[in-house]
Amino acid sequence: MLKEILSVSGKPGLFKLISQGKNMFIAESLIDKKRIPVYMRDKVVSLGDISIYTEDEDIPLATVLENIKKKENGQPIEFNKSIKNDELKVYFESVLPDFDKDRVYPSDIKKIMGWYNLLVKEGLTDFTEEKPEEEQTATEENGEEKPEESKQE
């Protein structure tokens, strides 16, 4: 789901990918539902491709959003727009204890919190990404064999 949600530089909010052309995307704003063309020159990032720095390794944004969802019981985060940087860090530490305090800025935390609230408002709360490996493991456990696997042997 997060692969289809885009952040477009210079545009407020988030966008849902509607269709792809040769040199552009059509995206729909999650805020006002208006559709816009997004060209190759625009800086576009899929939320599914974002990860957060920690002391050990980078954690996918989906994991962070899932942690926030658990902490907030699936409800929007209640925070004042003028929240202090120290309060942002304390909150973020409660959902990702080992985040890298030198490389994750308060503005990043505020942006993630805003994205989370927008996604919850739109009912897009399934942050877990299904992995093909899990599907393959489940199929093997059921005793079924995939045709590709038998060809490789």
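Keep in mind the model is a prediction, meaning the values are calculated, not measured.
- Between the side chain of D42 and the backbone N or O of V44, no donor-acceptor pair lies under 3.5 Å.
- With sequence neighbours left out, E87 forms a side chain to side chain contact (heavy atoms under 4.5 Å, CB included) with I83, K84.
- The nearest pair of heavy atoms linking M1 to D126 is CE-O, 3.3 Å.
- Within the 3.5 Å criterion, the main-chain N or O of Y105 finds a donor-acceptor partner in the side chain of D108.
- Within 6.0 Å of NZ on K43 lie no more than 12 heavy atoms contributed by other residues, nucleotides or ligands.
- A donor-acceptor contact shorter than 3.5 Å links the side chain of K69 to the backbone of T125.
- With D32 contributing its side chain and K34 its backbone, the two residues share a donor-acceptor pair below 3.5 Å.
- When the options L96, I50, I109 are evaluated for a side-chain contact (heavy atoms from CB on, under 4.5 Å) with V64, the one that passes is L96.
- Other residues, nucleotides and ligands place no more than 12 heavy atoms under 6.0 Å from the CD atom of E78.
- When the shell of 6.0 Å around NZ of K110 is examined, it contains more than 12 heavy atoms from other residues, nucleotides or ligands.
- In this structure, Y116 and F127 have tilted ring planes: the angle between them lies in the 30° to 60° band.
- Cation-pi geometry between K89 and Y91 is not met: the NZ or CZ atom fails to fall both under 6.0 Å from the ring centre and inside 45° of the normal.
- Between the side chain of N117 and the backbone N or O of I77, at least one donor-acceptor pair lies under 3.5 Å.
- Within 6.0 Å of atom NZ in K101, more than 12 heavy atoms from other residues, nucleotides or ligands are found, so the atom counts as buried in its surroundings.
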